[in-house]
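Below, read A as the first sequence line, B as the second, and so on, with proteins coming before strands; counting in each chain starts at 1. The analysis underlying the following values was restricted to heavy atoms, covering all of them including side chains, and did not include hydrogens, waters or symmetry mates.
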There are 2 protein chains.
Amino acid sequence: MSTTSIKEVAKLAGVSLGTVSNVLNQPERVAEHTRRRVLDAIAQLGYVRNDSARQLRAGSSRQIAIVVLDVANPFFTDVVRGAEVEAEKHGVMVVVCNSSEDSDRERRHLDLLEEQRIRGLLITPVDDTRNSRLEQLIQRGTPVVLVDRGSGGRDRCSVAVDDVLGGRLAGEHLVATGHEHIAFVGGPMSIQQVADRHRGVTLATKGTARLSTIATPSLTVAAGRAAVAELADLPAARRPTALFCANDLLALGVLQEATKRGVRVPDDVAIVGYDDIDFAAAAAVPLSSVRQPREQLGRTAAQLLLEETEADGRHEHRHVVFQPELVVRESSTRT
Amino acid sequence: MSTTSIKEVAKLAGVSLGTVSNVLNQPERVAEHTRRRVLDAIAQLGYVRNDSARQLRAGSSRQIAIVVLDVANPFFTDVVRGAEVEAEKHGVMVVVCNSSEDSDRERRHLDLLEEQRIRGLLITPVDDTRNSRLEQLIQRGTPVVLVDRGSGGRDRCSVAVDDVLGGRLAGEHLVATGHEHIAFVGGPMSIQQVADRHRGVTLATKGTARLSTIATPSLTVAAGRAAVAELADLPAARRPTALFCANDLLALGVLQEATKRGVRVPDDVAIVGYDDIDFAAAAAVPLSSVRQPREQLGRTAAQLLLEETEADGRHEHRHVVFQPELVVRESSTRT
DNA sequence: GCGAGTCGCTGAAACGTTTCACAACCCCCG
DNA sequence: CGGGGGTTGTGAAACGTTTCAGCGACTCGC
């Protein structure tokens, strides 16, 4: 067992505890030859600093956490990567937690993270309304940045993409290409992004096209496939001619299942997704999608968070909103 | 700041430190009414246990780590999910670290994790040969399970898929469908899986087809696209008629770029990938691929690890090898 | 040659838990 | 009524670090 402590290093090097600590933390404060002796002792004993003890003394850890809705969603992995890039610059580690869109799991993660005195938190909350656990965390002093979620008030930063605009872009595009019955595929509505995208497409279709909604229990490929089954049950006349999916995984699932059932895309039904993940362009029918600056979202979020943790004095909470961009590909191009 | 400690809880509840600790850790040992008083005090003060102190005392943390080559690769996210499922059963948290196929980053992660006295480690090492940092970690007593990497000796467990067999399956399939010049696309060869898959296809083609190699610097979509550029420079006569890619991301990149350049798949060139990630089936041309039991890989790895950490006495290191399975789709079907 | 300043190092306190030996009390039995 | 045994609760030690006041020795300027 790696049970070597600073004390044994000190003994071997023939110096005091404090000196070893100084070698580790403020090397310039200790004389060259002493420092060398200590470093030799450290190497010889295979000493590894105990971070628990260090944290205990310091009061907070050197890690930040990011809690995402789904690790398997390329959108979030890109966000995570962005956050990592920024964190690395500041010498802090990122721990990735997966809520799986389950608020119980989310709460458990928050409990654990708070016990660890995590330095700060990036989170896309499962449920925005009355997330009292998160409020508690903030109130007790943990800096939090909301990711991909605009509002949230004065006591925290946030980064987001204008999802209402994204929904509108998709909707306007579909209306412009002549669709008169559009369906929004997505859910649950308790996820703010889903609600916003829905609101966007609602605005775009108001007075120009009929809009129906196919609710899904989650934003996954499997949920997309299931949604098509629901659609297929409708009489042909009541079927929408275009589908706007709340994210790309859903859209890819829809596309797969539709193709399997012999429904032609975009001729029988047009599809627009959301996120523009790398796989969207490589799909069986290249997918139109609303693009978000994924990595930048993560980078900016981490930046805001680290800025807050490093500002001893007053920190001005900010809300950064990025603009989405519609990428039209074959899946929504009328032939 | 959340500076409430057990001491203040004790004072408010009118009991001693030890009693509060007992309420937290062995509630059955303290009388009903005392317990209630303590719990009330905890709630009233918003007390949150300080994990650093707890760990310091205990000597090791309640987290296990998984270090993967690429968080953005769906293969690994599935492995991670498997590990999480298993970890959750045992009440331990999984922290996900991303080496990005960079051994420096990997080493830094290992340094940090060892400082945190992580309870155990799941890792797919960047570089198998002489990974002395990892050896050191094991030798000092951190339980390690190698993921997707078969060998590794007697002092650790491992889970893996037989990559040589996987490569052979792909090779035999391409030979059987009449290809006489096959190229292996992948790299770097220092990654054991890549070398093994290459060895497998070498075995399968020995004496029956010509095999060339297109080396890539990494296993990403971008690297796949770049590989096609290299191919296109060859005179037509020297171009392979089939490509076996070391993973699906690579294959999807190859497919995208080939399509863009007007190369027809599978007519002009057949493609077989590896991993069978969800997106493989949804690609522009559905991708043939060698399937691995991804989630089970993660679950089993975590199982072995937790078994080792919980076995106070002797633990028998085991090496679990799964069999891969070839899934033939359109990308390698001669018409 | 003396005070002031600097440099390098020491030793103890403090961080918040868990653990453990032991004390106080009660109950029941002989 | 004495003592064994169980149940509750106590208080101090220990985990490994960082920090900080302070101490000795040396240098410099006057």
Side-chain angles (χ1 to χ4, degrees), chain A residues 1-39 41-42 45-63 111-112 114-119 140-141, chain B residues 1-39 41-42 45-63 111-112 114-119 140-141:
Chain A
M1 209 49 59
S2 159
T3 173
T4 20
S5 80
I6 228 179
K7 203 186 301 182
E8 311 174 38
V9 174
K11 184 150 61 167
L12 178 59
V15 298
S16 78
L17 285 195
T19 303
V20 177
S21 175
N22 281 334
V23 169
L24 259 29
N25 301 303
Q26 344 215 357
E28 74 285 358
R29 280 214 185 165
V30 21
E32 170 64 19
H33 79 286
T34 316
R35 194 192 323 156
R36 181 133 52 211
R37 269 224 316 279
V38 171
L39 290 176
I42 286 177
L45 294 174
Y47 164 75
V48 176
R49 192 205 245 121
N50 184 325
D51 204 50
S52 307
R54 193 231 271 266
Q55 276 186 47
L56 174 56
R57 191 75 239 274
S60 106
S61 82
R62 279 149 50 244
Q63 322 184 316
D111 286 345
L112 246 28
E114 191 172 15
E115 288 190 0
Q116 295 180 39
R117 301 295 189 267
I118 200 79
R119 183 176 295 214
R140 288 190 195 131
Chain B
M1 206 53 56
S2 159
T3 177
T4 18
S5 78
I6 228 179
K7 202 186 302 181
E8 311 173 40
V9 175
K11 183 150 63 164
L12 180 57
V15 298
S16 78
L17 286 196
T19 302
V20 177
S21 176
N22 281 335
V23 169
L24 259 29
N25 302 302
Q26 345 213 357
E28 74 283 0
R29 281 215 183 166
V30 18
E32 171 61 18
H33 81 284
T34 315
R35 194 189 325 153
R36 179 133 53 209
R37 267 224 317 276
V38 171
L39 290 175
I42 286 178
L45 293 174
Y47 164 76
V48 176
R49 192 205 245 119
N50 183 325
D51 203 49
S52 306
R54 192 232 272 266
Q55 276 186 46
L56 175 57
R57 191 76 236 276
S60 107
S61 80
R62 277 151 52 243
Q63 321 185 317
D111 286 347
L112 247 28
E114 191 171 15
E115 288 190 0
Q116 295 179 41
R117 301 296 189 267
I118 200 80
R119 182 176 296 214
R140 288 192 195 127

Peer 1: Of all residues at least two apart in sequence or in a different chain, which pass the side chain to side chain donor-acceptor pair (under 3.5 Å) check with R49(A)?
Peer 2: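 If we apply the side chain to side chain donor-acceptor pair (under 3.5 Å) test to R49(A), skipping adjacent residues, the hits are N25(A).
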Peer 1: Which residues pass the side chain to side chain donor-acceptor pair (under 3.5 Å) test with E32(A), sequence neighbours left out?
Peer 2: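 R36(A).
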Peer 1: Taking protein heavy atoms under 4.0 Å as touching, what does nucleotides 10-20 of chain C look like 5' to 3' if B marks base contact, S marks sugar-phosphate-only contact and - marks none?
Peer 2: BB--BBBBBB-
Peer 1: So how far off straight is the helix from dG1(C)-dC30(D) to dG30(C)-dC1(D), going by the axes through five pairs at either end, to 10°?
Peer 2: 50°
Peer 1: So, for Y47(A) and T4(A), which heavy atoms are closest and what is the spacing to 0.1 Å?
Peer 2: CD1-O, 3.5 Å
Peer 1: Would you list the pairs meeting salt bridge (charged side-chain N to carboxylate O under 4.0 Å, His left out) in which at least one residue belongs to residues 5-31 of chain A, sequence neighbours left out?
Peer 2: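 Output for this query is empty, none listed.
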Peer 1: Not counting sequence neighbours, which residues clear side chain to side chain donor-acceptor pair (under 3.5 Å) with Q55(B)? List them please.
Peer 2: S52(A), D51(B)
Peer 1: To the closest 0.5 Å, what do you measure between CD1 (I118(B)) and CG (L112(B))?
Peer 2: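 If I round to the nearest 0.5 Å, the distance is 10.0 Å.
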Peer 1: Any heavy-atom pair between the side chains of V15(A) and R37(A) that's under 4.5 Å?
Peer 2: yes
